[in-house]
Amino acid sequence: MRRSFLYIISCLFLFGTSSCEDFLDKSPDMGLTNEDVYRNYESIRGYLDYSYTYLDNIYKFDGCKNGRTHIGAISDEFASMLNYAESITVNNGNWLSQSIKSFEIGVGSERGGTSIWKAYQGIRIVNNVIQNLDLVPALTDEQKKQLLGQSYFLRAWFYFQLLKRYGGMPKLDKLFEGDGAEDLPRMTYHESHDWMVSDLDKAIEMLPDEWDDNNTGRPTKLAAMAVKSMTQLYDASPLMQNDLTKTEVKEYDKERAKIAAQSAYKVIDYIENSSQTQYELMGADETDPEVQKEIYRSIFYWQPGAYTQPEYIWYNRSQNEANSYDYSRYIRSFWLPGELAKGDGNDAVSYNAPTQNMVDLFDKKVGGTYYPISDSRANYDLSDPYKNRDPRFYNNILCPGEEWGKDNNNVPQYITTYVNGAMYNTTKTNKETNKRTQTGYLCKKYIWPQANQWTNGYNLYRTITVYIRVAQIYLDFAEAAFEYAGDAKAKIEGCGNLTAEDAINKIRNRVGVTDLPADIVSDPQKFREAYRRERAVELMFENNRWWDVRRWMIAHELFKKPIQGIIATPKNPDAAISSMQFTYEVDDIETEQRIFDMRNYWYPFSLNDVAGLKNLVQNPGW
């Protein structure tokens, strides 16, 4: 029986040494014999396809074994309303606590594994394919290319999930036999990255430009190019300049940033100029604000069977079935309170509420130009805080008193998160949430107004985990190009005429937001704040923010600011909801503060891992 490093590490990480042998007694290949796996093309492809089940699906109920808590609840995107949310112990900063069992940073799992576990399992499968593909008889060259292209891509993707959590890792390029060879020293981040990119380069050469409709969701050549450019941006980022011995605030590696910019430009050029692809920045060519709004909303909504949108480059095709309990549970427990989703008990409340911290990142329009609300030219006024904001605000956030959809009797529904409103009171009295504080906001992104209709709302659309979409590539390019040149207007060798300023404005203009003001573009510090704000707004709730604030090495400062919400108090509480007016007060959410020290930039290896493997160096501070 093979006992690979992947199984040993995963077992120690999730169950502790006591249950490792029981776990290893199960077949390492899902009960399949070599004859089963290597019989023919169909059998080996079926085996490889099982690795796709280990891709994260962050919008599926319990998809990452995080219960009802979105990963944004450990950044500043969400406050968690759930009294027993797994994120609570994570936010206390002690990530080696035995009470952290299943959320992202877990030392064990009563439910069978975290997203980290999935990465190890996925790597094991693809390594088996890469190492033993020649055992499959009668494969054509095209079949070999497809199988190996997917395998190299997936190995790089799964490995990247480990790198961005732990930093440099051992080279996981083979199946280990449990003879001690698996006790490998860690490489530096850059060494690990360079090996990972060699896999992506192979994938780029082997993967097709497109798959047929029956194979959507498999990585394409463009997906491999996009992942490569994203990983190179991470490689250039401040956190990744640390070695294995200490963690301190660093600067960008300019030369690595240049490489990342050049790779991102290749992706953009491919999208804009290749006849081989249908990808596009959706709505970029529209000038009608209403058309732009509708196209932008459609990025995040898709009907069953469609699986994808032109903006998706790499995504998880997996979805819950129509009418499924899991899907209705996701809608109710992640976003919508019972008043809209017809839930009761622990389905009567929304467990993840957007923060004031996120709301404050949306620009405000004054005199035809959008400014950050911290800019005096924005004339931001808390007495009317939601007027003339970036259109993405109205796509992403539901505010107190907002009309949103109609019930089955065509009666308008409202967001009653204001003081003494129904949703406000439910959060205070429901046993699942009565120790937590409502932020005043609900998540609107991904949700359509008809979702509040119990009879059919859940079945109209699906939400899909998109790992990289076209807009991110422009944002990646802007960051990399600027951090290399230090000038938002600079043209970079190998990047045509595209500048960091151009890339940012392309994303802003696509949703009807004006170009960045000239004085912000010309000031390096203000431009850095601008591209980071733009990234937070455009990619909000899409599983980017947590990784960004860590790789930028701003989390230890960012989380010194309290996580905040809004208290909206009706001026005329006896009025009809449709005519209510409010006074607003920003409120610190005391139960949602984050403790984040320098050691928290890297996840810790469990104590069992470090004790059992003599070459495994623990991350600094743990």
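- With respect to the salt-bridge test (charged N to carboxylate O, under 4.0 angstrom), the residues R436 and E590 do not qualify.
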side-chain contact (heavy atoms from CB on, under 4.5 Å) between F559 and Q593, worked out: CA-CA 8 Å; F559 293 140; Q593 302 318 309; over 6 Å; no
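- The environment of K428 atom NZ is sparse: at most 12 non-hydrogen atoms of other residues, nucleotides or ligands sit within 6.0 angstrom.
- For R155, the salt bridge (charged side-chain N to carboxylate O under 4.0 Å, His left out) partners are D199, not counting sequence neighbours.
- Between F78 and F541, the angle of the ring planes stays under 30°, which puts this pair in the parallel group of the 30/60° scheme.
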From CA spacing to verdict: side-chain contact (heavy atoms from CB on, under 4.5 Å), L539, L475: CA-CA 10 Å; L539 303 179; L475 294 167; 4.0 Å; yes
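- For the pair N242 (side chain) and E248 (backbone), a donor-acceptor distance under 3.5 Å is present.
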Verdict with reasoning, N619 to R186, per side-chain hydrogen bond (donor to acceptor under 3.5 Å, both in side chains): CA-CA 11 Å; N619 276 322; R186 296 173 65 189; 3.1 Å; yes
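- With 3.5 Å as the limit, one finds a donor-acceptor pair spanning the side chains of Q232 and S263.
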Stepwise side-chain hydrogen bond (donor to acceptor under 3.5 Å, both in side chains) test for Y166 and Q161: CA-CA 9 Å; Y166 293 107; Q161 305 316 302; over 6 Å; no
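- Between K444 and N396, every side-chain heavy-atom pair lies at or beyond the 4.5 Å cut-off.
- By the ring pair (Phe, Tyr, Trp, His ring centres under 6.0 Å) test, Y484 is found to be paired with no residue, residues two or more places apart in sequence or in another chain being considered.
- Side-chain atoms of T355 come within 3.5 Å of backbone N or O of M358 as a donor-acceptor pair.
- Taking all atoms of both residues into account, the shortest heavy-atom contact from T439 to P354 is OG1-O, 2.7 Å.
- A salt bridge links D76 and R545; the closest N-O separation between the charged side-chain nitrogens and carboxylate oxygens is under 4.0 Å.
- Aromatic ring orientation, W157 versus F160: tilted (interplanar angle from 30° to 60°).
- Side-chain N or O atoms of N83 include one that pairs as donor or acceptor with a backbone N or O of K435 at under 3.5 Å.
- Between F527 and F482, the distance separating the two ring centers is shorter than 6.0 angstrom.
- Under the side-chain hydrogen bond (donor to acceptor under 3.5 Å, both in side chains) criterion, Y467 pairs with N316, sequence neighbours left out.
- The side-chain tip of R389 points at the ring of F393 from less than 6.0 angstrom away and within 45° of straight on.
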Worked verdict on F300 versus V466 for side-chain contact (heavy atoms from CB on, under 4.5 Å): CA-CA 9 Å; F300 309 104; V466 180; over 6 Å; no
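- Between the side chains of Q241 and H190, at least one donor N or O sits under 3.5 Å from an acceptor N or O.
- Of the charged side-chain nitrogens involved, at least one lies within less than 4.0 Å of a carboxylate oxygen, so that R469 and E311 count as a salt-bridged pair.
- Using cut-offs of 30° and 60° for the angle between ring planes, the W314 and F153 rings count as perpendicular.
- A donor-acceptor contact closer than 3.5 angstrom is absent between the side chains of E534 and Y474.
- D597 places no side-chain N or O within 3.5 Å of a backbone atom of N600 that could act as its donor or acceptor partner.
- Because its NZ or CZ atom is not both nearer than 6.0 Å to the ring centre of W547 and within 45° of the ring axis, R551 does not count as a cation-pi partner of that residue.
- Scanning for ring pair (Phe, Tyr, Trp, His ring centres under 6.0 Å) contacts around Y380 gives an empty result, with sequence neighbours left out.
- Side-chain atoms of E191 come within 3.5 Å of backbone N or O of T188 as a donor-acceptor pair.
- For the residue pair N57 / T465, a side-chain donor-acceptor distance below 3.5 Å is found, with atom types taken as modelled.
- Shown here is E251, whose CD atom has no more than 12 heavy atoms of other residues, nucleotides or ligands within 6.0 Å.
- Looking at residues two or more places apart in sequence or on another chain, you find a side-chain hydrogen bond (donor to acceptor under 3.5 Å, both in side chains) between D201 and K228.
- Remark: E529 does not engage K526 in a salt bridge, criterion side-chain N to carboxylate O under 4.0 Å.
- The side-chain heavy atoms of W552 and R535, taken from C-beta on, include a pair separated by under 4.5 Å.
- Here the side chains of M81 and S350 are not in contact, with every heavy-atom distance at 4.5 Å or above.
- Contact of the V249 side chain with the M598 side chain is registered, since non-hydrogen atoms from C-beta on lie closer than 4.5 Å.
- Put simply, OG1 on T437 and CD on E592 are 8.5 Å apart, with the number rounded to the nearest 0.5 Å.
- Between D587 and Q356, every side-chain heavy-atom pair lies at or beyond the 4.5 Å cut-off.
- Between I397 atom CD1 and K445 atom NZ the span is 9.5 Å, to the nearest 0.5 Å.
- Inter-residue side-chain proximity for L239 and Y234 is flagged as unmet; no heavy-atom pair is nearer than 4.5 Å.
- Using modelled atom types, one side-chain atom of N544 and one backbone atom of E542 make a donor-acceptor pair closer than 3.5 Å.
- With hydrogens and angles disregarded, no donor-acceptor distance shorter than 3.5 Å links the side chain of K171 to the backbone of W195.
- H556 and Y601 are linked by a side-chain donor-acceptor pair at a separation below 3.5 angstrom, with hydrogens and angles left out of the test.
- Side-chain atoms of N352 come within 3.5 Å of backbone atoms of H70 as a donor-acceptor pair (strictly under, hydrogens ignored).
- Remark: Y371 engages no residue in a ring pair (Phe, Tyr, Trp, His ring centres under 6.0 Å) (not counting sequence neighbours).
- Around atom NZ of K561, more than 12 heavy atoms belonging to other residues, nucleotides or ligands sit under 6.0 Å away.
- Between G168 and S192, the shortest heavy-atom contact is CA-OG, 3.5 Å.
- Q472 places a side-chain heavy atom less than 4.5 Å from the side chain of M230.
- Put simply, the side chain of W622 gets close to the backbone of R599: a donor and an acceptor are under 3.5 Å apart.
- Atom CG in L398 sits 8.5 Å away from atom OG1 in T417 (nearest 0.5 Å).
- With contacts defined as side-chain heavy-atom distances shorter than 4.5 Å, the pair I468/I473 qualifies.
- The salt bridge (Lys or Arg N to Asp or Glu O under 4.0 Å) test with D235 singles out one residue from K164, K258, R256, and that residue is R256.
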Stepwise side-chain contact (heavy atoms from CB on, under 4.5 Å) test for F605 and V617: CA-CA 9 Å; F605 295 101; V617 177; over 6 Å; no
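- Using a cut-off of 4.0 Å between Lys/Arg side-chain N and Asp/Glu carboxylate O, E479 and R528 are scored as not salt-bridged.
- Between the side chain of R392 and the main chain of F362, no donor-acceptor pair closer than 3.5 Å is present.
- Put simply, CH2 on W602 and CG on L244 are 9.5 Å apart, with the number rounded to the nearest 0.5 Å.
- Using a cut-off of 4.0 Å between Lys/Arg side-chain N and Asp/Glu carboxylate O, D390 and R508 are scored as not salt-bridged.
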